[in-house]
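For reference, the structure is listed below as structure tokens.
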Amino acid sequence: MSDKRGKRGDHPKHLKGRDIGEYYKNKRRKDDGERPHRRSEDGHKKRPKDLKGKALGMYYRDKKHMSREERKEITRKNIMGTILLSERRKEEIQRILESNIFENKSKEKATDYSHVEDSVFKRDFLRIIRGNINDILDEASSELIPDHRLDEMLYSFNQNKADDFQYKLLLKKRKKLPSFEKRVELLELIEKNQVVVISGETGCGKTTQVAQFILDDYIDKRKGSTCKIICTQPRRISAISVAERVAEERSETLGGSVGYQIRLEKKLPRERGSICFCTTGVVLKQMESDPCLTGVSHLILDEIHERDVLSDFLMTIIKKVITKRKDLKLILMSATLNSEAFSKYYDNCPHINIPGFTYPVEEYYLEDVIEKTRFDFGNEYRRYSDRQNRDFSDFIEPHVRLLEKEKKYSRNTCIQLRKAESEKVNLDLIFELLLYICHKESRKGAILVFVTGFAEISNLNTLLEKSGKFPSYKYHIYPLHSQMPTAEQKQIFMPASDGTRKIIISTNIAETSITIDDVVFVIDCGKIKMTNYIPETNSQTLLPEWVSLANANQRRGRAGRVQAGVCYHLFSRARKMLLDQYQKPEILRKRLEDVILVAKMLQLGKIKDFFGKLMNPPTEECTYISLDLLHKLNALDKDENLTPLGFHLAKLPMAPQMGKMILFGAIFGCLNPVLSVAASLDFKDAFQLPLGKEKLAEQKKFELSNGWKSDHLVLFRALEMFQTTYNQRQFCRDYFLSSSTLKMLIDMKKQFMGYLHEMNFVTSLDPAAKEFNVNSDNFSLVKACICAGLYPNVCFYKRTKKRGLLRSLEYEKLEFHPKSVLSRERDFESPLFVYYLRMKSSSDFIHDGTMVYPLPLVFFGDQFDASKQVNNGKVITINNALSFRCGNSTAAIIGDLRDKLNWFLEHKICHPGFIDWRKNGEEIPMLRAIMELITSEDLGDFDSDCFDDCDSS
DNA sequence: GAGCACTGC
């Protein structure tokens with residue numbers, strides 16, 4: 001330790017306390033080249049920071065043995081199997097191919113789309129790809145036309161309200177809110193400026209009051225008819241609850257001056273003189289057809305400090321819109337911290353702060369908690385690298401020395417703080433702290449514990465139960481996690497009965513989404529799990545990180561909602577000084593395919609230019625990767641214009657992969673199962689994690705998999721059984737499914753049908769209608785449609801002598817996530833899998849998979865190549881990565897059929913229409929040939945040497 | 001052998 005202490009003292013001597021911390025914080029940032037998350041330019045020499053232990057070892061081993069190029073070369077040579085066709089089948093297909101279908105159709109692919117017949121689709125499509133948002137905005141109608149009769153009606157209605165008892169009662173309460181004091185100032189500022197930033201902490205009343213101030217001001221000035229306010233919320237729940245609250249304050253029910261709209265659910269207010277609370281996504285979707293927001297007088301964007309993708313995106317578009325729609329007022333609302341950034345983004349627009357009102361919350365930090373509990377982290381053994389140890393002692397030493405000097409803390413506390421273990425989430429410490437609160441604190445009230453995830457919730461729960469010190473007659477312990485049933489139960493919100501205390505162990509879901517009013521004590525573990533996207537390796541991660549100051553404040557605030565509270569942060573004051581002000585904006589932590597498609601629909605021009613206008617532009621690398629995927633999906637052409645397929649995918653409110661999947665489902669007559677899969681993947685799966693019954697839940701889920709070796713078909717089957725069972729509640733209990741999620745999925749399927757109908761791919765709205773499901777019992781075909789959507793997310797299983805190894809096409813080592821039904825399977829008839837989500841946490845996991853045979857990939861994959869001749873046959877290669885051996889005539893047939901299919905798909909996408917499998921249209925024999933080919937493969941007509949060949953080259 | 005949280009006329 002002594003050598004490290006020597007190095008520490010190089011901060012300027014005049015600095016003290018907090019300033020020293022800041023100095024080291026900045027210094028460290030500088031040392032890391034300002035971007036601690038990113039690796040150096042030379043990615044080969046530095047190891048990825050997200051790898052640990054065994055995974056890190058594997059990384060080095062792979063690096064040592066093979067370069068990326070070498071690996072690719074090996075995969076190229078690696079033949080995955082043989083595609084065999086019986087003579088009978090070959091003859092059948094040959095007959096179809098010779099029957100001159102499509103022979104006389106034009107094969108040209110003119111980029112001016114002159115070969116496409118005139119239709120609604122063609123007009124819409126050309127309008128979008130040739131249009132430009134500026135031209136649309138130029139034509140925006142400027143003024144809202146007043147309706148004087150309505151003005152008078154609204155005025156007298158408001159006057160009458162003044163006598164209403166409930167209204168008066170609530171008005172009295174409203175007047176106590178800090179925002180009420182700023183009412184006049186706010187209105188004046190909004191009147192005089194087009195854009196205003198309002199900042200204020202929770203409890204200041206900005207969310208519920210600001211829109212009402214504006215509306216009532218308009219009505220009182222007898223111009224209520226020209227006021228139409230839209231207020232966005234980041235979450236569905238808050239849009240509804242805020243709307244309900246505001247309607248109550250106005251002594252009205254929803255549908256009058258107040259309403260809301262979220263996906264699949266709305267209670268719209270009257271057209272004029274009203275406030276509508278919407279989710280950000282709804283407004284964005286509306287702007288696709290009406291970018292000027294016609295008729296809207298005020299747009300309020302709430303909670304923009306959360307920096308979610310949608311509100312960042314909306315802020316950038318609106319910036320353009322308001323230059324043309326001078327009468328549209330924009331009000332941005334955020335938390336206080338860092339709110340100047342938004343004002344700066346809008347050319348230094350005026351900024352007003354409303355002081356918050358919450359009850360006072362005492363704050364304690366790790367040193368205080370150790371002092372109170374006399375905790376000991378135990379004997380330390382080295383787990384950190386030298387570098388990490390040095391970083392740790394660099395900032396902790398000055399702090400501990402200061403504490404020693406002040407003599408406010410015991411010797412033990414100082415010893416404990418110096419241990420690197422003190423920076424980890426320690427459940428024993430939380431346990432001791434809970435004991436301390438329950439026995440040494442006189443105050444009653446619920447305790448809310450923030451931990452990072454499922455494992456910690458589960459382990460802490462067990463720890464409390466097994467200790468016997470938190471008996472159930474005195475303590476009600478609630479685990480809280482989005483996937484646990486408790487999150488949907490009302491019980492958790494009820495105050496504890498006399499003599500009992502609630503202890504809630506939660507993820508960050510309790511930071512914003514779930515509010516429990518009677519919390520008095522908060523324990524903040526200081527960590528948060530975050531997804532991150534790493535373009536260098538094109539991988540997504542889910543790993544715990546330090547919270548930001550904004551998170552820590554938010555967690556603290558949960559203790560003071562209805563009375564004074566206490567918050568214990570389990571990090572030291574020295575660590576606090578190193579925390580970031582805010583979390584990294586979501587737009588920098590994600591792949592951006594869907595954002596790009598929306599931008600294209602809004603006719604915003606080249607993506608790079610548009611991204612450059614965002615508050616925090618994504619890196620070029622990240623942009624490139626997302627564009628590349630859209631090219632691979634054939635959604636964008638070389639000039640970055642939407643293709644006809646891309647146009648359809650952009651219209652659908654789902655990730656493009658899911659859109660492609662359902663278009664294939666419609667074409668191949670197996671729509672219902674594919675819609676179920678698409679809805680589940682795009683929203684969330686309905687399977688819950690019941691604490692203490694994990695094993696049973698897993699078993700029940702596996703029961704649904706029916707040997708199909710597909711998580712996606714399990715999702716379908718769960719929904720199907722739910723819809724056909726006579727007792728839905730019992731079914732959900734038996735299989736640990738969330739009925740509210742299942743209901744949402746059913747509604748989403750209906751919504752998807754609406755879009756397909758509008759596009760003219762189906763003739764009615766029932767997903768289960770027989771005419772769209774002629775082939776729905778053919779799961780090989782359903783899997784093929786899933787494959788068409790999820791491609792190029794392909795991985796393969798390589799069987800070695802001991803066990804199997806799952807690899808990505810780049811030869812990276814993968815694993816099926818234990819929640820996947822595939823992780824419980826041993827034997828696979830085909831080594832190929834498609835998946836939607838791959839995420840690195842403790843390992844590089846495939847979260848959802850479907851086993852597929854080669855033919856779906858051969859038909860739906862890209863870069864098809866059958867030119868390579870071997871001994872007495874051909875090698876078919878897809879995507880330069882997957883190779884299959886087959887005979888000369890088979891290769892010729894597949895190539896020909898594939899061309900015909902692609903020509904047909906392209907034609908169909910440009911000429912949307914319902915394909916009726918019950919009638920023998922000219923395309924049916926070709927589609928049927930493909931269907932039968934794919935199905936026969938699944939029935940076992942597949943060469944078993946596919947595994948053994950993996951080792952030869 | 002393990003699952004932060006959101007969202008879409």
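We name chains A, B, ... by the order of the sequence lines, and we start the count at 1 in each one.
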How is Lys684(A) classified with respect to the nucleic acid when contacts are heavy atoms under 4.0 Å: base, sugar-phosphate, or nothing? nothing

As a test of reading the structure: which of dC9(B), dG1(B), dC6(B) is closest to the side chain of Lys266(A), going by heavy atoms? dC9(B)

For a quick test of reading the model: is some side-chain N or O of Gln233(A) closer than 4.0 Å to OP1 or OP2 of dC6(B)? no

Any luck finding a side-chain donor-acceptor pair between Gln657(A) and Asn793(A) under 3.5 Å? no

Minimum-distance nucleotide (side-chain atoms of Leu310(A) versus dT7(B), dG8(B), dA2(B)): dT7(B)

Just checking Ser289(A): base, sugar-phosphate only, or nothing, at a heavy-atom cut-off of under 4.0 Å? base

Between Asn459(A) and Thr462(A), does any side-chain donor sit less than 3.5 Å from a side-chain acceptor? no

Just the rounded figure in Å: distance from C1' of dA5(B) to CE of Met530(A). 11 Å

Regarding Glu815(A), tell me which of base, sugar-phosphate or nothing describes its non-hydrogen contacts under 4.0 Å with the strands shown. nothing

Touch class at under 4.0 angstrom, heavy-atom based, for His481(A) against every strand present: sugar-phosphate

Across the strands shown, which category fits Glu306(A) at heavy-atom distances under 4.0 angstrom: base, sugar-phosphate, nothing? nothing

Would you mind classifying the nucleic acid contact of Asp682(A) as base, sugar-phosphate or nothing, using non-hydrogen atoms under 4.0 angstrom? base

Scan Glu698(A) against the nucleic acid and name what it touches under 4.0 Å (heavy atoms): base, sugar-phosphate only, or nothing. base

With heavy atoms under 4.0 Å as the rule, sort Thr531(A) into base, sugar-phosphate or nothing. base

Would you please indicate yes or no on a ring centroid separation below 6.0 angstrom for Phe121(A) and Phe647(A)? yes

Mind checking Asn508(A) for me? I need base, sugar-phosphate or nothing, with any heavy atom below 4.0 Å counting as a touch. base

Strictly under 6.0 Å, is that where the ring centroids of Phe493(A) and Tyr478(A) end up? no

Spacing of CZ belonging to Phe454(A) relative to CE belonging to Met484(A), to within rounding of 0.5 Å: 4.5 Å

Mind checking Ile528(A) for me? I need base, sugar-phosphate or nothing, with any heavy atom below 4.0 Å counting as a touch. nothing

May I ask you to say what Phe845(A) touches in the nucleic acid, namely base, sugar-phosphate or nothing, with a heavy-atom cut-off under 4.0 Å? sugar-phosphate

Which part of the nucleic acid, if any, lies within reach of Lys590(A) when heavy atoms closer than 4.0 Å are counted: base, sugar-phosphate only, or nothing? base

Regarding Met287(A), tell me which of base, sugar-phosphate or nothing describes its non-hydrogen contacts under 4.0 Å with the strands shown. nothing

Need one value for Arg263(A): base, sugar-phosphate or nothing, where a base atom within 4.0 Å counts as base even if backbone is also close, heavy atoms only. base

